[in-house]
Protein chains: 2
Amino acid sequence: MSEMAEKNSNTEQNILEAAKVVFVAKGMDGARMQEIADKAGINKALLHYYFRSKDKLFEAVFVEILSKLIPDISELLLSELPLFEKIRKFTQHYIDTIRENPLIPVFILHELNREPEGIARTFKSMGIQPQIFIDEIKREIGKGTIVPIDPLHLIVNLLSMCIFPIVAQPIMQHLIFEENGEAYSAFLEQRKKEVPEFIINSIRKK
Amino acid sequence: MSEMAEKNSNTEQNILEAAKVVFVAKGMDGARMQEIADKAGINKALLHYYFRSKDKLFEAVFVEILSKLIPDISELLLSELPLFEKIRKFTQHYIDTIRENPLIPVFILHELNREPEGIARTFKSMGIQPQIFIDEIKREIGKGTIVPIDPLHLIVNLLSMCIFPIVAQPIMQHLIFEENGEAYSAFLEQRKKEVPEFIINSIRKK
DNA sequence: GTCTATATCGGGATAGAC
DNA sequence: GTCTATCCCGATATAGAC
């Protein structure tokens with residue numbers, strides 16, 4: 001049994017991996033079961049054996065992606081560092097994380113638009129709790145370390161400046177570097193320092 | 001002939017309008033010619049009469065969207081206002097513009113990922129020239145009005161904080177307002193003031 | 001220019017052998 | 001568990017009448 005189970009879950013994992021790549025690149029509608037099967041080194045019929053349908057397979061992939069992403073965010077918000085240090089660490093770590101899978105944010109947003117109800121259900125079932133970080137910002141304002149600012153805007157600014165330049169790379173690269181991928185990559189690397197300093201510069205009490 | 005031409009271009013325009021809505025919401029792959037025909041109040045066959053294929057129709061829609069978007073950006077970068085004023089105006093105008101068609105940025109990015117070569121060609125054929133704005137920022141740094149900052153990072157920060165919160169509304173709304181659309185709308189409205197002040201606060205020489 | 005009817009094909013899904 | 005062969009529907013595209 002152990003051998004069977006071994007092989008079973010290997011194949012299943014192969015399928016999930018392949019499906020993830022294809023779904024993320026092409027979207028649910030553009031993805032082809034044939035392509036997933038090829039990439040997994042197996043046969044179309046086997047896809048249906050493991051996951052009953054394309055919808056079910058997609059759902060599985062979507063859940064896997066989300067459940068990997070969310071703890072990653074939460075973890076950092078809850079660490080024990082002082083605020084400015086936390087902003088620096090978060091930016092660095094987050095830019096790196098998204099650069100590893102730059103297609104995922106657009107994938108999620110696209111699918112969220114495509115089928116708001118169905119996917120949103122999946123999404124809601126996993127909780128993120130930004131409240132702790134919000135409270136921390138409020139405390140710093142109270143202490144007078146930083147200027148009065150709505151914590152939500154601060155958080156959204158931070159996320160925006162990390163995520164957007166990566167997901168918009170296909171456009172930005174063309175706009176400012178004439179398709180020079182190397183240059184844009186270096187630009188993103190710089191942002192790991194530029195963004196936190198930009199933020200801290202704005203909120204630090206003088 | 002005038003009557004014919006009239007009707008002709010009306011239908012053509014109706015099709016383009018309908019196609020735009022459907023393509024933007026569902027993406028090229030998810031869009032159905034039937035749905036476009038229905039929304040245009042005509043028949044599937046007519047779509048093929050005006051535009052030979054789905055690909056051709058998509059191309060037409062994509063070009064129309066881009067050629068509307070790009071002058072809109074350029075225009076503002078070239079105005080004559082002082083820098084801080086320009087940042088305020090740009091933010092306001094740009095947030096409003098994107099809120100009118102919040103799905104378009106994700107649509108563009110998704111399609112760019114789906115078919116990098118084909119679409120990129122279309123994209124490149126229209127030029128945006130950020131150089132004038134870059135030079136202006138450099139001059140202000142020279143004058144000592146603002147702190148030394150790489151103009152590209154400043155521009156990307158600005159765009160990020162305008163665009164991202166709107167395209168990521170489906171996620172953010174859930175994260176911070178528990179699906180309260182009204183509250184998120186008000187939040188975006190606030191950003192028209194918060195974002196420029198956040199930026200100016202960061203770059204202004206003290 | 002606009003419609004109805006139909007050809008064609010791609011792709012998701014199932015049957016059944018091994 | 002994995003494969004081959006096949007079913008069947010949906011969607012693009014075309015033919016042809018009006």
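The sequence lines fix the lettering, A, B, ..., with proteins before strands; numbering per chain opens at 1.
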> In terms of heavy-atom contacts, does CZ of B:Arg52 have more than 12 from other residues, nucleotides or ligands at under 6.0 Å?
Replying inline: no
Write down the distance between [atom1] ([X]) and [atom2] ([N]), rounded to a whole number of angstrom.
| X | N | atom1 | atom2 | answer |
| --- | --- | --- | --- | --- |
| A:Leu47 | C:dG11 | CG | P | 14 Å |
| B:Lys26 | D:dA11 | NZ | P | 10 Å |
| A:Lys54 | C:dG10 | NZ | P | 16 Å |
| A:Met33 | D:dC8 | CE | P | 19 Å |
| B:Phe51 | C:dT2 | CZ | P | 12 Å |
| B:Gln13 | C:dG1 | CD | C1' | 17 Å |
| A:Lys56 | C:dG12 | NZ | P | 16 Å |
| A:Asn14 | D:dG1 | CG | P | 14 Å |

>> Ring centroids only, cut at 6.0 angstrom: are B:Phe187 and A:His153 within range, meaning strictly under it?
In response: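 Here the rings of A:His153 and B:Phe187 have centres that are less than 6.0 Å from each other.
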> Between A:Gln92 and A:Asp96, is any side-chain donor less than 3.5 angstrom from a side-chain acceptor?
Replying inline: no
Nearest to the [X] side chain among [options], which nucleotide is it?
| X | options | value |
| --- | --- | --- |
| B:Tyr49 | D:dT12, C:dT2, D:dG1 | C:dT2 |
| A:Ala45 | C:dT2, C:dA13, D:dC3 | D:dC3 |
| B:Asn43 | C:dC3, C:dA13, D:dA13 | C:dC3 |

>> Over all strands shown, is A:Ala31 touching base, sugar-phosphate only, or nothing at heavy-atom distances under 4.0 angstrom?
In response: sugar-phosphate
When you check the phosphate oxygens OP1 and OP2 of [N], does a side-chain N or O of [X] lie under 4.0 Å from one of them?
| X | N | answer |
| --- | --- | --- |
| B:Thr11 | C:dT2 | yes |
| B:Arg52 | D:dT14 | yes |
| B:His48 | D:dA13 | yes |
| B:Tyr50 | C:dT2 | yes |
| A:Arg32 | C:dG12 | yes |

> Could one point to a donor on the side chain of A:Lys44 or the base of C:dG12 with an acceptor on the other under 3.5 Å away?
Replying inline: yes
>> Using every non-hydrogen atom in the two residues, find where A:Val167 and B:Leu109 come nearest and quote the distance to one decimal.
In response: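 Distance-wise, the nearest heavy atoms are O-CD2, 3.5 Å.
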> When you measure from the side chain of B:Glu111 to the backbone N and O of B:Gly27, does any donor-acceptor pair fall under 3.5 Å?
Replying inline: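 No; judged by distance alone, with no hydrogens or angles, the pair does not exist.
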